[in-house]
Amino acid sequence: MRHRQSVLAPANAVARLSGLSAISFACLLAACGGGSATPPSTGVPPPAATLSGTVAVGAPITNGKLRVLDATGSVVVADVAIDADGNYANITLTGPAPYRIEACGYAGPNYKCIYSVANGAGTANVTPLTTATVLLAAGQSPDALMNGAAPALTSTRIASAQTQLREGLASVLSSAGVSRTFDFISGSLSAGSRTGYDAVLDAVGVSTGQDAQPFVQITPRLGSGNLYLEQGSSSGTVIAAAGAATLQLSGLETLFRNMSISMASATACASSSIGLGRSLAAAAQLSMGGPAAQGPAQVAGALCGFFAMGDDGNSPMWGSRLLSPTLGRCDLRGVAPVCGVSFVVQSPAGDVMPVGNGMGVTQEAGVWKFLGDLMPISIQASAKAQRTRRIDTPAPVFDYDRALAFEVAAVPGLACAKVTQRNAGGNAVTIGFYKPHPGATDQRRLALWTADGVSWGAGMDPL
């Protein structure tokens, strides 16, 4: 008969093993370390969730400031400086997503705000197309969203808004070599490069407004068509011009850098090697409010004279720089392209001032040159408002006036200018006639022809 041998541990040994098991189990729960367990804390906190991105309108935004709100409307950051290349970085996120982003600064001569949204850490670009994305996702004006909670900005709605935009801009995206699934918020963007996403921003103008409901309107700068979008509905499309894909806009940065070098001093401006003359087209013309300068030599002299005196005639502008230009409409039908551009100076102190309107550039032998006035006669239009307060009464009395203002350069030989506007039926209606003032000397602009020569009532008789 075989006996099975049993080995029994002493009672005190069992107790010791139980104690070890308890210690091991407790160590496992507490992640004491060793083997594959979680390593012990080093006392260094994990990296914070941060947000970075690029703010651009084709050109980098200038003197820009950034503000971020969380989903509840609490301010995450405010007045964050955007650098000269349009970049911001390492914003520590607090509070719940989605995060609304507002960037304000100069886009060419205009101070404006553009918007974006982020659902977490990473990249969040801010451009006119992200502004459109926010409007179409929320069904609200983006600036109105920069206050209070924003429950409408869900990931699904943001994705749907981007799809709606990409469908209307398919031709423009293809021309710029950008994928039809490109993400306008997190995609790669280099402001001022004039390639890829930045080329798309150059190719279209984006505006937002409020009609029966908020809308986005996109018009081409390098093509044809018109795109009108509301939340969930689109009308029209934008078609890229045939030559848009091969148009090398990056040379605009070189042109404006060279012109900025010329503005270092009076000597630099007039220099044959680094002066303004090297940057001007053979057909350059510039009126500067007076008789037009023609050709590179005259235009260079006019610009150097302007920079020497400044806008007020007494404040030299040497040492200023020309901002990276925003693009206007381009005409690609001729032998060489002709494009409208902003022409804006930033002083050494950081002040931003437009030098002129209606400026253009063209290419000579494939190199971009400054053309000056796109039109032979400088014409500007603006809307103005005035509030008058009367203080000789017990209670202040206010009067409000608003007007359209037109400035037409008094070019020698120009006898009259007629300003018209189309009515709802599409017919041109005369607003006023502008003529040289009899007996005036050194007149830079034509005067409004009035009914009686005294009042502001426009005279409608061209004779």
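Starting from 1, each residue takes its place in the sequence as its number. These values consider heavy atoms only, across backbone and side chains, with no hydrogens, waters or symmetry-generated copies.
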Pairing of Lys65 and Asp79 as salt bridge, 4.0 angstrom limit: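 Looking at Asp79 together with Lys65, the answer is no, because their closest N to O distance does not fall below 4.0 Å.
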Ion pair check, Asp331 and Arg329, cut-off under 4.0 Å: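 Result for this pair is no, no salt bridge flagged.
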Check: [X]/[Y] side-chain N/O donor and acceptor closer than 3.5 Å:
X: Gln162; Y: Thr133; result: no
X: Thr219; Y: Asn226; result: no
X: Thr267; Y: Ser265; result: no
X: Ser74; Y: Thr72; result: yes

[X] versus [Y]: any side-chain heavy-atom pair under 4.5 Å?
X: Cys416; Y: Phe433; result: yes
X: Asn258; Y: Arg278; result: yes
X: Val76; Y: Tyr99; result: yes
X: Met146; Y: Tyr115; result: yes

Determine yes or no for a side-chain-to-main-chain donor-acceptor pair under 3.5 angstrom, with [X] supplying the side chain and [Y] the backbone.
X: Gln346; Y: Val352; value: no
X: Gln164; Y: Ser233; value: yes
X: Ser324; Y: Gly192; value: no
X: Trp318; Y: Ala268; value: no

Val55: which of Thr127, Asn87, Thr130, Val126 passes side-chain contact (heavy atoms from CB on, under 4.5 Å):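 Filter result, single survivor: Val126.
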Atom CG of Asn147 with >12 non-hydrogen neighbours under 6.0 angstrom: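 Not more than 12 within 6.0 Å, no.
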Crowding at CE, Met460 (>12 non-hydrogen neighbours, <6.0 Å):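 Result for CE/Met460: enclosed.
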Distance (rounded to the nearest 0.5 Å) between Leu303 CG and Leu280 CG: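 Those atoms lie 7.0 Å apart.
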Interatomic spacing from CG in Leu173 to CD in Glu167 - rounded to 0.5 Å: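 Here the interatomic distance stands at 11.0 Å.
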Distance-minimising heavy-atom pair for Ala103 and Leu66: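 Between these two residues, the closest heavy atoms are CB-CD1, 3.7 Å.
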